[in-house]
2 protein chains.
Amino acid sequence: MTVTPQELKARMENFKQVCRQNKLPQTPQKLAIFQHLAASCTHPSAQEIYDRVKEKFTNISLATVYKNLKKFTVLGLCIEIPIPGGANRYDAKLEIHGHAVDTANGLVHDLELPKEYNYSAQVMGRQVKQIHLTYYI
Amino acid sequence: MTVTPQELKARMENFKQVCRQNKLPQTPQKLAIFQHLAASCTHPSAQEIYDRVKEKFTNISLATVYKNLKKFTVLGLCIEIPIPGGANRYDAKLEIHGHAVDTANGLVHDLELPKEYNYSAQVMGRQVKQIHLTYYI
DNA sequence: CTCTATGCAAAATATTTGCAAGGGA
DNA sequence: TCCCTTGCAAATATTTTGCATAGAG
């Protein structure tokens, strides 16, 4: 299971466009962080992204990774997957989908959802900002 | 929105039975912690439960609350609701249901789910241990 | 040139662990 | 009695923040 080159390209294009729209400087660090996330299907944690990006940017700080992931999340460029008793995981796949958290090894898998799961845009009279459907297996 | 006396009683009965079945001593602390959780519909955090239980058990420690909530969760007496950027919340309602997290004030509400959401017992060939459906509004 | 991002270190949060003493079964 | 639990304190883990400097637009 890998992200196709076309999909990766689309994610990077969207990233750059959203950065421009929001006047967010496209620093090499931001690009490296997002690029790694966008190419991943392992739902990496901030620490894992940091470890990988550090290979190129030996001086990068974990705080920078956190700061940028937070910004990306707010801008809707990725979603934050909270894990009970563990670090948040991040996912650059924007289409509505679920996750299966394997409690035996901590791996997080994407799940396609049946059509019925396409959520109503309103819950309790409020616009839904984000939906998380997680199966623990 | 409150837990009905019947429901509370049922939850306490189930708690006591599960404790006996698992040879878990029913200490006053455990009873107080579970009782408060079972009577709550606010999905309290460990800290909130600690604050309340401390009114009766002035010496209780936050670690004890965490230890017991963890045990309750493992035994299926409650579920742990992870909140991005915040402490876990706990819920003694065992029926499959969703949650609406109000991002404006941090309140967590229960949501009834349409029948379609009753999940298949298998995901990726594995038994589903727990399902979390959370709307962020 | 201006403004934000970065890197570092320290702080803030959240949760877990080790251990001696106490108390349920 | 035996073992699990409790309470305390310290350790861990995770994430955020303050600030001086660097670098993108």
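Chain letters run A, B, ... following the sequence lines, proteins first and then strands; every chain starts at 1.
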Please work out which residues in residues 72-90 of chain A have a non-hydrogen atom less than 4.0 Å from an atom of DNA chain C and list them by number. none
Members of residues 33-43 of chain A that approach DNA chain D, where some heavy atom sits under 4.0 Å away: none
Among pairs that include at least one residue of residues 62-78 of chain B, which meet salt bridge (charged side-chain N to carboxylate O under 4.0 Å, His left out), considering only residues two or more places apart or in two chains? B/K70-B/E80
Can you pull the salt bridge (charged side-chain N to carboxylate O under 4.0 Å, His left out) pairs that have at least one residue in residues 34-46 of chain B, sequence neighbours excluded? none
Measure all distances between protein nitrogen or oxygen atoms and nitrogen or oxygen atoms of nucleotides 23-25 of chain C, and list the pairs falling under 3.5 Å.
| unit_1 | atom_1 | unit_2 | atom_2 | d |
| --- | --- | --- | --- | --- |
| C/dA25 | OP1 | B/Q26 | N | 3.1 |

Would you jot down, in residue-number order, the residues of residues 54-70 of chain B having a non-hydrogen atom under 4.0 Å from DNA chain D? B/N59, B/I60, B/S61, B/A63, B/T64, B/K67, B/N68
Terminal axes of the helix from C/dC1-D/dG25 to C/dA25-D/dT1 (five pairs each): angle between them, nearest 10 degrees: 50°
Please identify the 5'-most and 3'-most nucleotides of DNA chain D with any atom under 4.0 angstrom from a heavy atom of chain B. D/dC4 to D/dA9
Could you give all pairs that pass the salt bridge (charged side-chain N to carboxylate O under 4.0 Å, His left out) test and reach residues 13-27 of chain B, with sequence neighbours left out? none
Selection residues 28-61 of chain A - residue pairs positive for ring-ring contact (aromatic ring centres under 6.0 Å, His included), sequence neighbours left out: A/F15-A/F34, A/F34-A/F72, A/H43-A/H99
List in chain and number order the residues that pass salt bridge (Lys or Arg N to Asp or Glu O under 4.0 Å) with A/D102, two or more places apart in sequence or in another chain; answer none if no residue qualifies. B/R126
A/Y136 meets the ring-ring contact (aromatic ring centres under 6.0 Å, His included) criterion, sequence neighbours left out, with B/H132
